[in-house]
Amino acid sequence: MARRRSFVVNTASYERVSFSLSVAASLASLGDDVSILFGFGGVLRLRRGWEDRVGPETGEWVRGDAERWLSGGNRAARITDSLRLARELGVKIYACPTAMAFHGIAKEDLTDAVDGVMGMTEFLSREDADVIYV
């Protein structure tokens with residue numbers, strides 16, 4: 001029986017966002033109804049051109065490895081590709097409007113992978129969803 005899974009990604013940390021997308025895509029491939037809300041920090045990963053950036057928001061312990069991995073052309077590690085795969089598998093991706101306003105991100109600044117803008121209250125009030133916070 002398919003379950004409804006909801007992720008709240010509140011970090012821009014490269015490895016955490018990448019891992020969240022991987023788990024979401026895996027659950028969707030198993031038939032679950034999956035959605036992700038990118039909140040305060042996470043919404044930065046939805047800004048067009050920032051998806052694959054590795055900066056100080058990513059832990060120092062993984063930053064160098066991630067940069068080497070990405071510079072070597074490994075597409076499997078790119079958040080842009082993870083977002084695309086998640087969408088292909090039916091994962092719904094939303095940006096929090098409060099987080100967008102805080103960071104000065106307009107709707108037209110968002111990557112095409114975003115299904116829409118949805119506030120935290122609306123996202124969390126959906127019925128029968130297991131919520132996972134990252």
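One is the number of the first residue; the rest follow in order along the sequence. The figures here come from the full heavy-atom set of this structure, side chains too, leaving out hydrogens, waters and symmetry mates.
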- Test item: Asp33 side-chain N/O and Arg3 main-chain N/O as donor-acceptor pair under 3.5 Å: no
- Note on the structure: Scanning both residues in full, the closest heavy-atom pair of Ala28 with Val34 reads N-CG2, 3.8 Å
Listing, residues 95-110 side-chain donor-acceptor contacts under 3.5 Å, not counting sequence neighbours, or none:
unit_1 : atom_1 : unit_2 : atom_2 : d
His103 : NE2    : Phe40  : O      : 2.7
Asp109 : OD2    : Ala106 : N      : 2.9

- Query: Got Arg5 and Val23 here, is their nearest side-chain heavy-atom distance under 4.5 Å?
  - Reply: no
- Looking at side-chain heavy atoms only, is the closest gap between Ile36 and Leu21 below 4.5 Å? yes
- side-chain contact (heavy atoms from CB on, under 4.5 Å) partners of Glu57, counting only residues at least two apart: Ala12, Arg45, Arg53
- Item | Side-chain heavy atoms of Leu37 within contact of Phe7, under 4.5 Å | no
- Task: May I ask you to test the Val114-Tyr94 pair for a side-chain heavy-atom distance under 4.5 Å?
- Result: no
- Item | Separation of Met118 CE from Leu124 CG (nearest 0.5 Å) | 10.5 Å
- Go through the steps for Glu51 and Leu83 under the test side chain to side chain contact (heavy atoms under 4.5 Å, CB included), then give the verdict. CA-CA 9 Å; Glu51 304 94 81; Leu83 285 164; 4.1 Å; yes
- Message: Do Leu46 and Ile93 have side chains that approach each other closer than 4.5 Å (heavy atoms only, starting at C-beta)?
- Response: yes
- Query: So, Ser18 side chain and Glu15 main chain: donor-acceptor pair closer than 3.5 Å or not?
  - Reply: no
- Provide the full list of side-chain hydrogen bond (donor to acceptor under 3.5 Å, both in side chains) pairs with a residue in residues 114-123, sequence neighbours left out, each pair given once. Arg87-Asp115
- Message: How long is the straight-line distance from CG of Leu85 back to OG of Ser29, given to the nearest 0.5 Å?
- Response: 8.5 Å
- Which residues pass the side-chain hydrogen bond (donor to acceptor under 3.5 Å, both in side chains) test with Arg47, sequence neighbours left out? none
- Apply side chain to side chain contact (heavy atoms under 4.5 Å, CB included) to the pair Leu27 and Leu89, showing each step before the final yes or no. CA-CA 9 Å; Leu27 289 168; Leu89 291 169; over 6 Å; no
- Message: Evaluate Arg84 against Asp112 for salt bridge (Lys or Arg N to Asp or Glu O under 4.0 Å), listing each step before the verdict.
- Response: CA-CA 9 Å; Arg84 180 191 46 76; Asp112 293 337; over 6 Å; no
- Residue pairs meeting ring pair (Phe, Tyr, Trp, His ring centres under 6.0 Å), one or both in residues 9-30, sequence neighbours left out, come to none
- Can you tell me if Ser82 uses its side chain to pair, donor with acceptor, with the backbone of Arg78 under 3.5 Å? yes
- Can you tell me if Asp32 uses its side chain to pair, donor with acceptor, with the backbone of Arg4 under 3.5 Å? no
